[in-house]
Amino acid sequence: MDLTKLRREYTKTKLSKKSVNQDPIEQFNLWLKEALQANCMEPTAMTISTVSEENTPSSRIVLLKGVENSQFVFYTNYNSRKGNQLEKNSGISALFFWPELERQVNIEGTIQKTSTEQSDSYFKSRPWKSRIGAIISPQSQPIESRNIIKQAFVLEAAKHIGNTIPRPDHWGGIMINPNRIEFWQGRPNRLHDRVLFTKANDSTWDISRLAP
Ligand SMILES: Cc1cc2nc3c(=O)[nH]c(=O)nc-3n(C[C@H](O)[C@H](O)[C@H](O)COP(=O)(O)O)c2cc1C
């Protein structure tokens, strides 16, 4: 396979310090809306990276479930590999790639858990079977077989027939409080547009253009 011949020119649109919304959260919401309108596949999927105690980075995709009070929210198992890493080091990056729009957004910041009320409320909104799955899956742990999980699912489901399912303590929301957000728009000849927001203080952001 010769991958060196694969080439694509990015020509759709452009981005500048002037055209960008001066509030990066508003700019993000605009691009997310455009990704939804463009029927991008999994427009809310973001690759989050965390760092272990030994400084080894690791990445995986999660789904954005909201942008609330200027924070990016997703839900996961707090005892998972990412959950354990975030417990020791609250630094995180989140990357969106919307290929249909030739766009990337790179977010860096620190995390906090959502309130138990907020986690409860989102947990309640999930399909019944997904709630059972969240209870029984020891996310990121080695398991002997798929059957083990299937059996645990059936046993747990039997306990809750006709009842509301309480959210397990090990599952809930994580909010990313951003301190750096970069918007990337593909341009011809690899001269892409990159606009970077860095947080200056609680309410203001510095804006700069980065070389492609
Ligand atoms: C499209 C997609 C969406 C996903 N959404 C989530 C999610 O919202 N929360 C989650 O915990 N895992 C989600 N996953 C699974 C994660 O990528 C990952 O496998 C899991 O969270 C365990 O990661 P960890 O072992 O690094 O903690 C998703 C995977 C894909 C491919």
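The first residue in the sequence is number 1, and the count goes up from there. As the structure lists them, so they are numbered: ligands from 1, and atoms in each ligand from 1.
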Pairwise, report which nitrogen or oxygen atoms of ligand 1 are under 3.5 angstrom from protein nitrogen or oxygen atoms, and how far apart they are.
{"unit_1": "ligand 1", "atom_1": "8 (O)", "unit_2": "L63", "atom_2": "N", "d": "3.1"}
{"unit_1": "ligand 1", "atom_1": "9 (N)", "unit_2": "Y75", "atom_2": "O", "d": "2.9"}
{"unit_1": "ligand 1", "atom_1": "11 (O)", "unit_2": "T76", "atom_2": "OG1", "d": "2.6"}
{"unit_1": "ligand 1", "atom_1": "11 (O)", "unit_2": "Q139", "atom_2": "NE2", "d": "3.4"}
{"unit_1": "ligand 1", "atom_1": "14 (N)", "unit_2": "I61", "atom_2": "O", "d": "3.1"}
{"unit_1": "ligand 1", "atom_1": "17 (O)", "unit_2": "I61", "atom_2": "N", "d": "3.4"}
{"unit_1": "ligand 1", "atom_1": "17 (O)", "unit_2": "I61", "atom_2": "O", "d": "2.6"}
{"unit_1": "ligand 1", "atom_1": "21 (O)", "unit_2": "K82", "atom_2": "NZ", "d": "2.6"}
{"unit_1": "ligand 1", "atom_1": "21 (O)", "unit_2": "Q139", "atom_2": "NE2", "d": "3.2"}
{"unit_1": "ligand 1", "atom_1": "23 (O)", "unit_2": "K82", "atom_2": "NZ", "d": "3.4"}
{"unit_1": "ligand 1", "atom_1": "25 (O)", "unit_2": "S140", "atom_2": "OG", "d": "2.6"}
{"unit_1": "ligand 1", "atom_1": "26 (O)", "unit_2": "R60", "atom_2": "NE", "d": "2.7"}
{"unit_1": "ligand 1", "atom_1": "26 (O)", "unit_2": "R60", "atom_2": "NH2", "d": "3.0"}
{"unit_1": "ligand 1", "atom_1": "27 (O)", "unit_2": "S80", "atom_2": "OG", "d": "3.4"}
{"unit_1": "ligand 1", "atom_1": "27 (O)", "unit_2": "R81", "atom_2": "N", "d": "3.3"}
{"unit_1": "ligand 1", "atom_1": "27 (O)", "unit_2": "K82", "atom_2": "N", "d": "2.9"}
{"unit_1": "ligand 1", "atom_1": "27 (O)", "unit_2": "K82", "atom_2": "NZ", "d": "3.0"}
{"unit_1": "ligand 1", "atom_1": "27 (O)", "unit_2": "S140", "atom_2": "OG", "d": "3.3"}

Next on the checklist: Please tell me whether F183 and F28 form a close aromatic pair, meaning their ring centres lie under 6.0 Å apart.
Outcome noted: no
Donor-acceptor pairs under 3.5 Å, side chain of residues 152-170 to any protein atom, not counting sequence neighbours: which ones?
{"unit_1": "E156", "atom_1": "OE1", "unit_2": "K159", "atom_2": "NZ", "d": "3.2"}
{"unit_1": "E156", "atom_1": "OE2", "unit_2": "H160", "atom_2": "NE2", "d": "2.7"}
{"unit_1": "N163", "atom_1": "ND2", "unit_2": "K159", "atom_2": "O", "d": "3.4"}
{"unit_1": "R167", "atom_1": "NE", "unit_2": "D120", "atom_2": "OD1", "d": "2.6"}
{"unit_1": "R167", "atom_1": "NH1", "unit_2": "W171", "atom_2": "O", "d": "2.8"}
{"unit_1": "R167", "atom_1": "NH2", "unit_2": "D120", "atom_2": "OD1", "d": "3.3"}
{"unit_1": "H170", "atom_1": "NE2", "unit_2": "A134", "atom_2": "O", "d": "3.0"}

Item to check | Rounded distance (nearest 0.5 Å) linking atom CZ of F72 with atom CE of M46 | outcome: 8.5 Å
Next on the checklist: If the threshold is 4.0 Å, N to carboxylate O, is there a salt bridge linking K14 and D193?
Outcome noted: no
Next on the checklist: Under a plain distance cut-off of 3.5 Å, with no hydrogens placed, do K82 and S80 share a side-chain donor-acceptor pair?
Outcome noted: yes
Item to check | E144 atom CD, over 12 foreign heavy atoms within 6.0 Å | outcome: no
